[in-house]
Structure formats: C-alpha cells, structure tokens
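All of these numbers come straight from a predicted model, not from anything done at the bench. Atoms considered below: every heavy atom in the structure, side chains included; atoms not considered: hydrogens, waters and symmetry mates.
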Amino acid sequence: MRNSQQIPGQRPNILIICSDQHHPAMVGYRQYPFLETPNLDRLACEGTHFTRAYANCAVCGPSRMSFMTGKYVHQIDSWSNGVPLPEEEKQKTWAARLDQNGIESTCIGKIDSAGTVDDHNPGFTYFDEPLHRTAWDPYPRELPFVTRLPGYTRPASRRFLLEAGGGDVAKIDDRQELGFYGHDREVTDKTLAYLREKGQAKSEPWVLYVGYLYPHWPYRVPQKYFDMYYPERVLMPHDAQFPNRDIHPAMQEWQASNVFGEVTEDMLRRTIAAYCGMITCMDDMIGEILDELQDQGLYENTYIIYTSDHGESMGEHGLFFKHCSYEGAIGVPLVIKGPDIPEGEVNTDTPVSLIDLYPTILDMAGVDPEPGLPGTSWLPLVRGEPHERSERVFAEWHGPQLRGAYYMIVRGDYKYTWYEFHPPSLFNVKEDPKEERDLASDIEQADRLRVFEEELRSIVDPKATALRAKRDLGLIAPDGTDMTDSLIPWVGFEDGTLEKIQRADSARHRRL
C-alpha cells in the first residue's frame with residue numbers, strides 16, 4: 001500500500017528525530033512485550049521500518065558525526081566523544097549542503113558535534129543545542145585517554161543500576177532525579193514552537209533535526225512511567241550473567257571495566273522498567289510533535305525519519321550501555337514515513353546503516369550528495385525502485401573502555417567483528433539472533449572468515465587506523481609504546497594523575 005503522494009507544487013519538509021541509546025527491538029511495532037510506543041507504532045504503520053539497521057559506531061559523537069557527513073569514522077578521524085569535527089567537514093554535512101542550496105536546516109537538541117563554546121554548529125542554518133560537549137583542548141591529546149588504559153574501571157556503571165527508578169516530575173532540573181527528562185521536555189517545547197511558526201508562515205520547505213537524550217542513562221524517569229512497567233511488565237534479558245565467561249574475551253574486558261558486581265533480579269527489573277519508561281515518555285513527546293504537524297497542516301507533506309545514534313544492551317550478555325558490536329548495542333530502530341513511502345512495510349532482509357542518512361536526506365530535498373560517499377539513499381530501496389547499494393554494513397570502534405579497536409562487517413546473514421587484541425567473532429544473526437553461538441572457531445567457517453578479513457582490509461587498514469586513532473588520543477607514549485597493548489595497568493604516571501585527567505575530561509559537559 002502506498003502512502004500519500006507529495007502535494008502538487010510543494011516540495012516536502014523533512015523531520016529527523018534521533019533519540020539516544022535506543023535498543024533496536026524495544027518498540028511496540030516490533031512486538032516487544034509490554035512496551036507501549038503508540039506514536040512510533042503509528043509512524044511504522046504509516047510508513048516503512050527496518051529490522052536490520054545499524055549505527056556505524058556505537059557511541060554518541062562519532063555516530064552522529066558519521067551520519068552528518070556521510071563518512072565512516074576513520075574518514076573524518078572522529079574517534080570518540082570530545083573529538084572535534086574537522087573544519088572542512090563542517091562545510092560538507094548534509095545540514096550545510098541544504099543551507100548552501102537555499103533550504104533552511106535547523107537543529108534543536110543533541111547533535112554532539114564537539115567544539116568550542118562558540119563554534120560547535122556542524123552546518124545548520126539555525127542551531128539550538130541545550131547540552132553541549134566541548135572538545136578536548138589541546139587536541140590531538142597530549143595526555144592519555146584514560147578510559148582505554150588497561151585496568152581502567154568505571155564504578156559509576158553500577159551506580160546507574162542501583163539508582164534506576166522513578167522520580168518526582170517537580171524536580172525537572174535535577175538530572176539525578178529524572179535523568180534527561182528536563183532536556184527532552186525543553187527540546188519538545190522548542191520543536192512545537194518551531195512547527196507552529198512554520199505552519200503560520202507557510203514558508204518554503206524546511207528540514208528539522210530533533211535530538212533527544214532519552215533513553216540514555218541515568219535510568220531515571222517520571223514516576224508514572226516507571227510504574228507502568230515495574231515490577232512485573234518486564235522482559236528479562238538473555239544471557240544476563242555477571243560476570244559472563246561465555247562472551248567474547250574483549251567483551252569480558254568491557255564487562256569487567258564497568259564493575260557491575262552482583263546484579264540482582266530486582267536491580268534488573270528496576271533498570272529495565274525505568275528504561276522502558278523512558279522510551280514511553282519519549283514516545284509521548286514524539287506524539288505531541290506529530291499532533292502539532294497535523295494541526296499545522298504539515299503532516300502529509302513531511303518526510304519523518306525516526307532513529308537513534310546507537311542501541312543499548314540493557315542486560316543482554318551481562319552488558320549495559322553501548323560500545324560493543326552485539327545487536328542490541330550497535331543496532332538502531334529505523335522508521336521512515338512520508339510522501340510516496342509505502343505504508344505498513346517491514347524490511348527484514350536488507351542491512352542498512354546510518355551512513356545512508358546523508359544521501360537519504362539530500363535525496364528527499366532534491367540535492368545531489370557529495371560524490372564518492374559510502375552510503376546510499378533509502379528511498380529507492382523502500383519504494384522498490386532500481387538502485388545500486390552495497391550489500392554490507394560497516395562499523396568501527398576506537399572509543400572508551402575497550403583497549404583495542406574493533407571493526408564490524410554485516411553481510412547477508414553473517415556478522416563478523418575483527419578485534420585488535422583478540423580473535424575475531426562470527427555470528428549467523430538470522431539463525432542465532434541472540435548471538436549466543438560464536439562460529440569463529442568452527443573450522444568450516446575458515447573460508448568465510450578469510451573473505452571477511454579481506455573485505456575489511458579493502459575498506460580500512462585495521463592496525464594502521466587503530467594506531468592513528470591512539471596517537472590522536474594520547475595513547476602512544478613518547479618512547480613509542482602503545483599504552484593499550486597490555487593487560488598490566490599502565491604505571492607511567494604518578495599516583496592520582498590518571499584520576500585528575502579523567503575528572504578534567506568529565507567536566508567537558510556544560511549547559512549553554
């Protein structure tokens with residue numbers, strides 16, 4: 001069934017809603033038990049959604065800078081949060097390309113383009129980011145990126161589980177009470193005001209990016225949303241072992257660095273209930289935006305894309321947060337609705353990734369993308385039109401809490417991950433969607449592993465790129481020693497020095 005056609009004589013508007021850390025399957029339209037997301041379900045019913053969509057990096061800043069530029073992380077050296085986007089790339093983002101072509105582009109909310117207080121706009125005509133992460137200064141780093149050093153631990157990770165729950169909405173400005181609810185409420189209110197202005201002005205087509213922070217930790221939400229799920233309306237995660245000796249060795253290191261300790265059933269229930277509550281709370285805000293679009297007569301002629309910058313493990317495999325290449329963390333929800341987009345369609349066969357967002361937005365706007373980019377517009381794919389697109393998805397990691405880099409390729413039913421300090425992993429995600437049977441040690445998979453590694457090396461030199469990232473992140477000592485290439489905690493600093501570096505890094509979050 002086809003959706004409504006573009007209104008004759010009017011170019012469509014474009015609305016991109018990007019949440020933060022949303023597990024790809026935790027939505028109602030994918031039949032996740034108990035979870036209430038009526039507005040996302042409405043978009044899925046009126047549009048097309050993908051079940052095999054991926055981020056190109058499983059952490060906020062690099063993922064967003066990748067989809068803003070249409071380039072892989074190693075092509076723009078966006079290794080981790082706090083890494084500034086090169087100035088020349090700011091003029092090539094899809095926002096900048098739209099602006100250069102006379103199409104107004106606006107950002108309201110989180111985009112996470114690190115920079116100075118006065119210069120962190122990645123090309124939008126109008127820019128309003130309430131919570132801003134400044135770039136490291138100086139950069140490249142002179143001091144080491146502490147969280148990648150051997151032996152690093154993050155005690156706050158356990159605290160997020162212990163403090164999960166509901167809070168008093170009257171304390172909207174208290175992040176510990178309601179997590180990022182206050183931020184998202186502000187973003188929603190500004191978005192509604194923007195749409196009212198556009199509806200009244202009947203202006204030229206516009207492109208609006210809305211960046212939410214829910215359902216990112218802290219796992220705190222207004223009490224009524226927590227009460228919707230706790231304690232019984234919770235689906236317990238698979239393979240939730242603490243510690244988990246069955247997962248890949250790199251992921252065992254990642255789990256150990258978070259110091260989750262004993263995770264009781266009630267801790268899991270509270271955390272999952274709070275997380276589901278954040279998703280439903282955000283869905284309600286999205287509903288306000290959809291209603292305003294309709295009230296202003298803008299709904300039928302607006303493309304709407306919903307996605308997230310990466311996923312969230314939410315207890316699966318004994319992990320929380322993002323960072324890894326398991327489906328829950330590297331996968332993202334993806335829904336597209338708008339003029340001439342098929343209604344109620346589900347694409348379960350085609351792996352796609354957020355690198356495609358760049359050419360898709362420009363395709364919707366009638367602007368030619370920069371040539372030679374790795375992504376491909378989703379529009380021909382969802383419309384069933386002839387198209388040429390790569391059959392693979394590529395992602396990479398150079399960020400916090402993993403000593404070494406990793407690179408992921410999804411092709412067909414298989415997912416391959418190359419690890420810098422460990423053997424690779426290989427999963428058949430169709431037959432084993434929970435990724436509980438690593439096939440990398442199976443002799444029958446030797447040829448497939450070889451082909452995947454050859455394909456990886458056709459994209460990037462994995463070791464040389466990992467080394468380049470570590471040089472930028474201050475992880476190569478003056479004598480040339482790779483500080484990450486050991487399981488022995490780094491001892492090249494006086495007591496307390498590494499803690500001081502980490503505190504300084506954590507202070508980079510600030511409100512404008």
Side-chain angles (χ1 to χ4, degrees), residues 24-25 52 54-58 148 150-151 237-258 260 310-311 313-331 349 351 353 391-399 401-467 482 484-488:
R52 302 191 67 194
Y54 296 91
N56 301 101
C57 185
R148 287 193 62 183
H238 59 263
D239 195 27
Q241 304 177 57
F242 302 90
N244 192 339
R245 304 303 184 199
D246 297 329
I247 54 177
H248 191 276
M251 294 301 99
Q252 292 183 42
E253 289 182 18
W254 154 244
Q255 188 189 52
S257 76
N258 284 287
F260 292 127
H310 49 73
S313 292
M314 196 40 49
E316 295 171 357
H317 305 290
L319 306 174
F320 289 91
F321 322 133
K322 50 269 191 177
H323 298 199
C324 63
S325 65
Y326 287 122
E327 290 286 288
I330 195 70
D349 299 323
S353 71
E391 296 178 355
R392 71 171 175 237
V393 161
F394 173 78
E396 61 192 297
W397 180 263
H398 308 276
Q401 286 187 269
L402 284 171
R403 294 185 302 120
Y406 74 71
Y407 305 87
M408 180 200 82
I409 295 177
V410 174
R411 178 181 285 280
D413 296 340
Y414 287 88
K415 177 197 288 183
Y416 165 85
T417 306
W418 182 98
Y419 291 95
E420 186 176 5
F421 297 131
H422 297 283
S425 66
L426 181 69
F427 293 98
N428 184 322
V429 291
K430 181 176 182 179
E431 295 180 358
D432 177 27
K434 294 182 179 180
E435 297 171 284
E436 295 179 309
R437 299 187 300 277
D438 190 342
L439 303 175
S441 60
D442 187 340
I443 191 65
E444 295 181 359
Q445 299 296 333
D447 286 345
R448 179 171 278 111
L449 288 169
R450 177 182 53 77
V451 170
F452 266 122
E453 182 167 352
E454 290 175 354
E455 183 170 11
L456 170 63
R457 294 183 183 279
S458 74
I459 303 169
V460 66
D461 183 327
K463 291 187 177 180
T465 302
L467 180 62
D482 181 348
T484 69
D485 191 8
S486 171
L487 287 176
I488 301 173

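- Closest of all the heavy-atom pairs between Gly412 and Arg52 is O-NH2, 2.7 Å.
- Between Glu253 and Arg403 there is a salt bridge, since at least one side-chain N of the basic residue sits less than 4.0 Å from a carboxylate O of the acidic one.
- A donor-acceptor pair is defined here as one N or O able to donate and one able to accept, closer than 3.5 Å; no such pair exists between the side chain of Asp413 and the backbone of Val429.
- Considering OG of Ser313 and CD1 of Ile330, their distance stands at 10.0 Å, rounded to 0.5 Å.
- Across every non-hydrogen atom of Tyr326 and His248, the tightest pair is OH-N, 3.6 Å.
- Taking all atoms of both residues into account, the shortest heavy-atom contact from Ala405 to Ala466 is CB-CB, 3.8 Å.
- For Tyr407 and His398, the ring centers are positioned less than 6.0 Å apart.
- Here Asn428 contributes atom CG and Leu439 contributes atom CG; the two are 6.5 Å apart, rounded to the nearest 0.5 Å.
- A perpendicular orientation is assigned to the rings of Phe260 and Phe320, their planes being inclined by more than 60° (bins at 30° and 60°).
- Interatomic distance, Thr417 OG1 to Glu396 CD, rounded to the nearest 0.5 Å: 12.5 Å.
- The two residues Ile488 and Pro150 have their closest heavy-atom pair at O-CG, 3.2 Å.
- Here CG of Asp349 is found 12.0 Å from CD of Glu391. Values are rounded to the nearest 0.5 Å.
- To the nearest 0.5 Å, the span separating CD on Gln401 from NZ on Lys322 amounts to 9.5 Å.
- Using a 4.5 Å heavy-atom cutoff, the side chains of Leu426 and Leu449 are in contact.
- The ring of His310 has its center no closer than 6.0 angstrom to the ring center of His323.
- Taking a cutoff of 4.0 Å between a charged side-chain nitrogen and a carboxylate oxygen, Glu316 and Lys434 do not qualify as a salt bridge.
- Judged by distance alone, the side chain of Asp482 and the main-chain N or O of Thr484 form a donor-acceptor pair under 3.5 Å.
- The shortest distance between side-chain heavy atoms of Cys324 and Leu319 falls below 4.5 Å.
- Using a 4.5 Å cut-off on side-chain heavy atoms (C-beta onward), His317 and Gln255 make no contact.
- A cation-pi arrangement is found for Arg448 relative to Tyr414, the charged atom lying closer than 6.0 Å to the ring centre and inside a 45° cone about the ring normal.
- Between the side chain of Glu420 and the backbone N or O of Lys463, no donor-acceptor pair lies under 3.5 Å.
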